[in-house]
Amino acid sequence: MSTAPVRVAFVTGASRGIGRAVALRLAKDGRHVVLCARSAGPLNELKAQIEASGGKASVATADVSDSASITAALEGVIKQHDRLDILVNNAGITKDGLILRMSDEDWNTVITTNLTSAFVACRVAARAMMRGRFGRIVNVASTSGIVGNAGQANYAAAKAGLVGLTKTIARELGSKGVTANVVAPGWIETDMTANLGDDIKNGVLSMTAVRRLGTPDDIAAAIAYVTSDEAGFLTGQTLVVDGGMTMTS
Ligand code: NAP
């Protein structure tokens, strides 16, 4: 009797927020989750938590804004497991400012961390996934990349870029059993949104059909489906998970 392989999932930005919830959910669903962020401390704690619940996890530190760093981390995982089934490019940052005052540095840092990192990770993952004739790539974008957001030219451009990158990968790798999709969250309660004022928060709430803010688990549930074996006919799509805030796609 053949047993199904344990899927190996690499999740960036797993130290907190959405990435942490994704890691916990994928581990609960039976994946071996490789936890990636810049420092090992929170990742080791999460690994222990996953293992205490009977799950499988390991830690791979990397700075995703450094092409050599994320490449080495992914190559190490592929060498160790001789496979890579799921890649969730979730790590991201904001450096907000109106266009008139946005520096080249803030533009470049956000593009490198939020977009170039995903390109580099997909490039490494693609080879292993094609070899295994199975792959699930998810790039975590944002509604800002779809409808725009004042003060986020850099962030919105990076997130919109992920959509084009993802559709292209979907076309290039579809015949090899590899799917690529975007999950685009609306407002999710994490460190990233913690310091935005009540006026902005209330504005978002008033536009959100379900009349609540999102949780990291809302996004983890969507990513669990998109990365599942049964989602093989879903590719090149942008799944907007925003409680009905934008309803644009
Ligand atoms: P968060 O709580 O601020 O967490 C960001 C994560 O990214 C952390 O794990 C952080 O790890 C990691 N990270 C940042 N820079 C990194 C780097 N250079 N190298 C490696 N890891 C790095 O953010 P979040 O709210 O969970 O957001 C996760 C993703 O969802 C992001 O792509 C974000 O743009 C997107 N998103 C969020 C919202 C929202 O409302 N929260 C809405 C739409 C889209 P370390 O700092 O430990 O390295």
Side-chain angles (χ1 to χ4, degrees), residues 10-25 33-47 59-74 87-96 106 108-118 120-121 138-149 151-152 154-163 165-166 182-197 200-201 203-205 207-208 212-220 222-223 238-243 245-246 248:
F10 190 96
V11 180
T12 70
S15 58
R16 57 180 186 272
I18 292 170
R20 187 175 192 280
V22 169
L24 284 165
R25 174 61 194 262
V33 186
V34 184
L35 311 166
C36 178
R38 282 169 292 191
S39 55
L43 301 179
N44 283 330
E45 279 175 34
L46 182 56
K47 175 180 185 290
V59 167
T61 53
D63 179 345
V64 301
S65 68
D66 175 351
S67 176
S69 175
I70 184 65
T71 297
L74 268 165
L87 171 65
V88 182
N89 287 312
N90 163 79
I93 56 165
T94 53
K95 285 194 180 292
D96 295 352
D106 284 354
N108 287 327
T109 304
V110 169
I111 296 292
T112 303
T113 306
N114 294 7
L115 177 59
T116 309
S117 63
V120 172
V138 176
N139 291 319
V140 178
S142 166
T143 50
S144 292
I146 297 165
V147 296
N149 195 18
Q152 291 199 311
N154 49 4
Y155 184 82
K159 296 301 190 182
L162 287 175
V163 175
L165 170 71
T166 306
V182 166
V183 169
W187 179 300
I188 309 299
E189 290 193 284
T190 68
D191 289 355
M192 187 173 272
T193 48
N195 293 325
L196 298 174
I200 301 179
K201 199 188 256 192
V204 168
L205 263 179
M207 288 188 297
T208 302
R212 69 170 175 83
L213 301 173
T215 67
D217 286 343
D218 288 323
I219 306 306
I223 291 178
T238 297
L239 183 57
V240 178
V241 186
D242 69 351
M245 181 176 68
T246 56
T248 51

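Remember, it's 1-based here, ligands and their atoms both numbered in the order they're listed. Computed from a prediction, not measured in an experiment: that's the story for all the values here.
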Got [X] and [Y] here, is their nearest side-chain heavy-atom distance under 4.5 Å?
{"X": "Asn114", "Y": "Lys159", "result": "yes"}
{"X": "Ile111", "Y": "Thr116", "result": "yes"}
{"X": "Leu74", "Y": "Phe10", "result": "yes"}
{"X": "Pro185", "Y": "Ile18", "result": "yes"}

Looking only at heavy atoms, which two atoms of [X] and [Y] are closest? And how far apart?
{"X": "Gly92", "Y": "Met192", "value": "O-CE, 3.4 Å"}
{"X": "Val34", "Y": "Ala60", "value": "CG1-CB, 3.7 Å"}
{"X": "Gly19", "Y": "Val11", "value": "O-CG1, 3.8 Å"}
{"X": "Ala160", "Y": "Gly145", "value": "CB-O, 3.3 Å"}
{"X": "Ala141", "Y": "Leu162", "value": "CA-CD1, 4.0 Å"}

Enumerate the atoms of ligand 1 whose separation from the nearest heavy atom of [X] is less than 4.0 angstrom.
{"X": "Lys159", "value": "31 (C), 32 (O), 33 (C), 34 (O)"}
{"X": "Trp187", "value": "40 (O)"}
{"X": "Gly17", "value": "2 (O), 26 (O)"}
{"X": "Thr193", "value": "39 (C), 40 (O), 41 (N)"}
{"X": "Asp191", "value": "2 (O)"}

Tell me the protein heavy atom at minimum distance from [atom], and give that distance in Å.
{"atom": "atom 1 (P) of ligand 1", "result": "Arg16 NE, 3.9 Å"}
{"atom": "atom 42 (C) of ligand 1", "result": "Gly186 O, 2.9 Å"}
{"atom": "atom 8 (C) of ligand 1", "result": "Ser15 OG, 3.4 Å"}
{"atom": "atom 19 (N) of ligand 1", "result": "Val64 N, 2.9 Å"}
{"atom": "atom 14 (C) of ligand 1", "result": "Arg38 NH2, 3.5 Å"}
{"atom": "atom 21 (N) of ligand 1", "result": "Ala91 CB, 3.7 Å"}
{"atom": "atom 24 (P) of ligand 1", "result": "Thr190 OG1, 3.6 Å"}
{"atom": "atom 31 (C) of ligand 1", "result": "Asn90 O, 3.1 Å"}

[X] and ligand 1 - part of the residue with a heavy-atom distance under 4.0 Å:
{"X": "Glu189", "answer": "neither"}
{"X": "Ser117", "answer": "neither"}
{"X": "Asp63", "answer": "both"}

Of [options], the residue whose pairing with [X] passes side-chain contact (heavy atoms from CB on, under 4.5 Å):
{"X": "Asn139", "options": "Asn89, Val183, Thr238, Leu115", "result": "Asn89"}
{"X": "Thr113", "options": "Asp63, Thr94, Asp66, Ile93", "result": "Ile93"}
{"X": "Val182", "options": "Val163, Val138, Val140, Ile146", "result": "Val163"}

For atom 5 (C) of ligand 1, which of Gly13, Pro185, Gly92 has the closest heavy atom?
->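 Considering heavy atoms of Gly13, Pro185, Gly92, the nearest to atom 5 (C) of ligand 1 sits in Gly92.
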
Would [X] count as a contact of ligand 1 if the rule is a heavy atom under 4.0 Å away?
{"X": "Arg20", "answer": "no"}
{"X": "Ser69", "answer": "no"}
{"X": "Ala141", "answer": "yes"}
{"X": "Ala62", "answer": "yes"}
{"X": "Thr12", "answer": "no"}

Would [X] count as being in polar contact with ligand 1, using the rule that some N or O on each side must be under 3.5 angstrom apart?
{"X": "Tyr155", "value": "yes"}
{"X": "Ile188", "value": "yes"}
{"X": "Ile18", "value": "yes"}
{"X": "Ile93", "value": "no"}
{"X": "Thr113", "value": "no"}

Going by distance alone, is a donor N or O of one side chain under 3.5 Å from an acceptor N or O of the other, for Thr143 and Asp242?
->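 Side chains of Thr143 and Asp242: no pair found under 3.5 Å.
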
Verify the distance criterion only: is there a donor paired with an acceptor across the side chains of Asp218 and Thr215 at less than 3.5 Å?
->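 Distance-only check passes for Asp218 and Thr215.
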
Salt bridge Asp191-Arg20, side-chain N to carboxylate O under 4.0 Å |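 Result for this pair is no, no salt bridge flagged.
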
Donor-acceptor pair, side chain of Thr12 and main chain of Ala91, under 3.5 angstrom =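 Yes: the side chain of Thr12 pairs with the backbone of Ala91.
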
